[in-house]
Asks: 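Below you'll find the structure I mean.
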Amino acid sequence: MYTSPEVVVQRQLDAYNSKDLDGWLSTYAPDARQYELGGKLLAEGHEQIKARTAPRFLESTLHARLIRREVMGNVVVDYEDVSRTFPEGPGRIELVCVYVVEQGQIQSASFAFGPPVLTGALGGKNVMCQIDANGYDCHGTSPCTG
């Protein structure tokens, strides 16, 4: 039975947001690979993919909001805004995700990561802090300790 690539990727997103690790992993082929966009291998096979992702599913703030989706044949491109709990605190990160789907499962996923942005309170004010190579930049207030 044929399952469209868009349906497979949506199942993956729904399982991610439900923190259903086994359901999420079932959308990936057993020998699937995850990459940074540009080719750096992040994980290969269910065991490595699960190990890479399992800690994220423990984050209370984890949620991926789909901003836009494009489908071309067996390739699905998602642009997402993901809420996370980083070691430095709660925040968000924008992602471009490129999925190649064959035979009803994700064969490869490539990700372009935007800069993590911390969200929270600093001195009673809500601030957004971007994490960079030098620490944090809270819109002109550095370092951010929020």
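None of the values given here were measured: they were computed from a predicted structure. The chain is numbered in sequence order, starting from 1.
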Asks: If hydrophobic clusters are built by linking Ile, Leu, Val, Met, Phe, Trp and Tyr wherever their side-chain heavy atoms come under 4.5 Å apart, do Val75 and Tyr79 end up in the same one?
Replies: yes
Asks: Is a side-chain donor or acceptor of Gln12 paired with a backbone partner of Val9 at a separation under 3.5 angstrom?
Replies: yes
Asks: What about Val7 and Trp24, same hydrophobic cluster or not, with Ile/Leu/Val/Met/Phe/Trp/Tyr joined at side-chain heavy-atom distances under 4.5 Å?
Replies: no
Asks: What is the distance from atom CD of Glu44 to atom OH of Tyr35, rounded to the nearest 0.5 Å?
Replies: 7.0 Å
Asks: Can you tell me how far the OG atom of Ser108 sits from the CZ atom of Arg33, to the nearest 0.5 Å?
Replies: 9.5 Å
Asks: Take the angle between the ring planes of Phe57 and Tyr16 and call it parallel below 30°, perpendicular above 60°, tilted in between.
Replies: perpendicular
Asks: Closest approach of Arg52 and Ala43, non-hydrogen atoms and distance?
Replies: CD-CB, 4.0 Å
Asks: Enter the distance from Arg92:CZ to Asp81:CG here, rounded to the nearest 0.5 Å.
Replies: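 Arg92 atom CZ to Asp81 atom CG measures 4.5 Å (nearest 0.5 Å).
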Asks: State yes or no: do Val96 and Ile93 share one hydrophobic cluster built from I, L, V, M, F, W and Y residues joined by side-chain heavy-atom distances below 4.5 Å, directly or via other members?
Replies: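 Each belongs to a different hydrophobic cluster.
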Asks: Show the nearest heavy-atom pair for residues Pro30 and Gln105, with the distance to one decimal.
Replies: CD-OE1, 3.8 Å
Asks: Look only at the side chain of Gln107 and the backbone of Glu102, and say whether a donor-acceptor pair between them is shorter than 3.5 Å.
Replies: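 Such a contact is found between Gln107 side chain and Glu102 backbone.
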Asks: What are the two closest non-hydrogen atoms of Ala64 and Glu80, and how far apart are they?
Replies: CB-OE1, 3.7 Å
Asks: Any side-chain heavy atom of Lys19 sitting closer than 4.5 Å to one from Leu58?
Replies: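 A side-chain contact is absent here, since even the closest heavy-atom pair is not under 4.5 Å.
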Asks: Donor-acceptor check, side chain of Thr61 to backbone of Thr85, threshold 3.5 angstrom: yes or no?
Replies: yes
Asks: Could you check whether any side-chain heavy atom of Pro116 comes within less than 4.5 Å of a side-chain heavy atom of Arg84, counting everything from C-beta outward?
Replies: no
Asks: Identify the heavy atoms of Ala112 and Leu37 that sit nearest to each other, and give their distance.
Replies: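 Scanning both residues completely, I find the closest heavy atoms to be CB-CD2, 3.8 Å.
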Asks: Working to the nearest 0.5 Å, report the span between CD of Gln10 and OG1 of Thr3.
Replies: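 Spacing of CD (Gln10) from OG1 (Thr3) equals 13.5 Å.
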Asks: To the nearest 0.5 Å, what is the distance between CD on Gln103 and OH on Tyr2?
Replies: 12.0 Å
Asks: Check for me, please, whether Val71 and Phe111 land in the same ILVMFWY cluster - side-chain distances under 4.5 Å, paths through other members count.
Replies: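 Yes, same cluster.
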Asks: Closer than 3.5 angstrom, by distance alone: can the side chain of Ser26 be matched with the main-chain N or O of Gly23 as a donor-acceptor pair?
Replies: yes
Asks: If you round to the nearest 0.5 Å, how far is CD of Gln34 from CD1 of Ile49?
Replies: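 Nearest 0.5 Å value for the CD1-CD distance: 4.5 Å.
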Asks: Are the side chains of Tyr99 and Val8 in contact, using a 4.5 Å heavy-atom criterion?
Replies: no
Asks: Check for me, please, whether Leu62 and Leu42 land in the same ILVMFWY cluster - side-chain distances under 4.5 Å, paths through other members count.
Replies: yes
Asks: Closest heavy-atom contact between Ile106 and Ala32?
Replies: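 That would be O-CB, 3.4 Å.
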Asks: Hey, does Leu95 have a side-chain heavy atom less than 4.5 Å from the side chain of Phe113?
Replies: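 Yes; the side chains approach each other to less than 4.5 Å.
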Asks: So do Arg69 and Leu13 actually touch side chain to side chain, heavy atoms under 4.5 Å?
Replies: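 Of all side-chain heavy-atom pairs linking Arg69 with Leu13, at least one is under 4.5 Å.
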Asks: Would Arg65 and Asn17 count as a side-chain contact (heavy atoms from CB on, under 4.5 Å) if you check the C-alpha gap in whole Å, the side-chain angles of each, and the deciding distance to 0.1 Å?
Replies: CA-CA 9 Å; Arg65 182 175 61 89; Asn17 283 334; over 6 Å; no
Asks: Crowded around Glu36 CD? As in, over 12 foreign heavy atoms under 6.0 Å?
Replies: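 Above 12, so yes.
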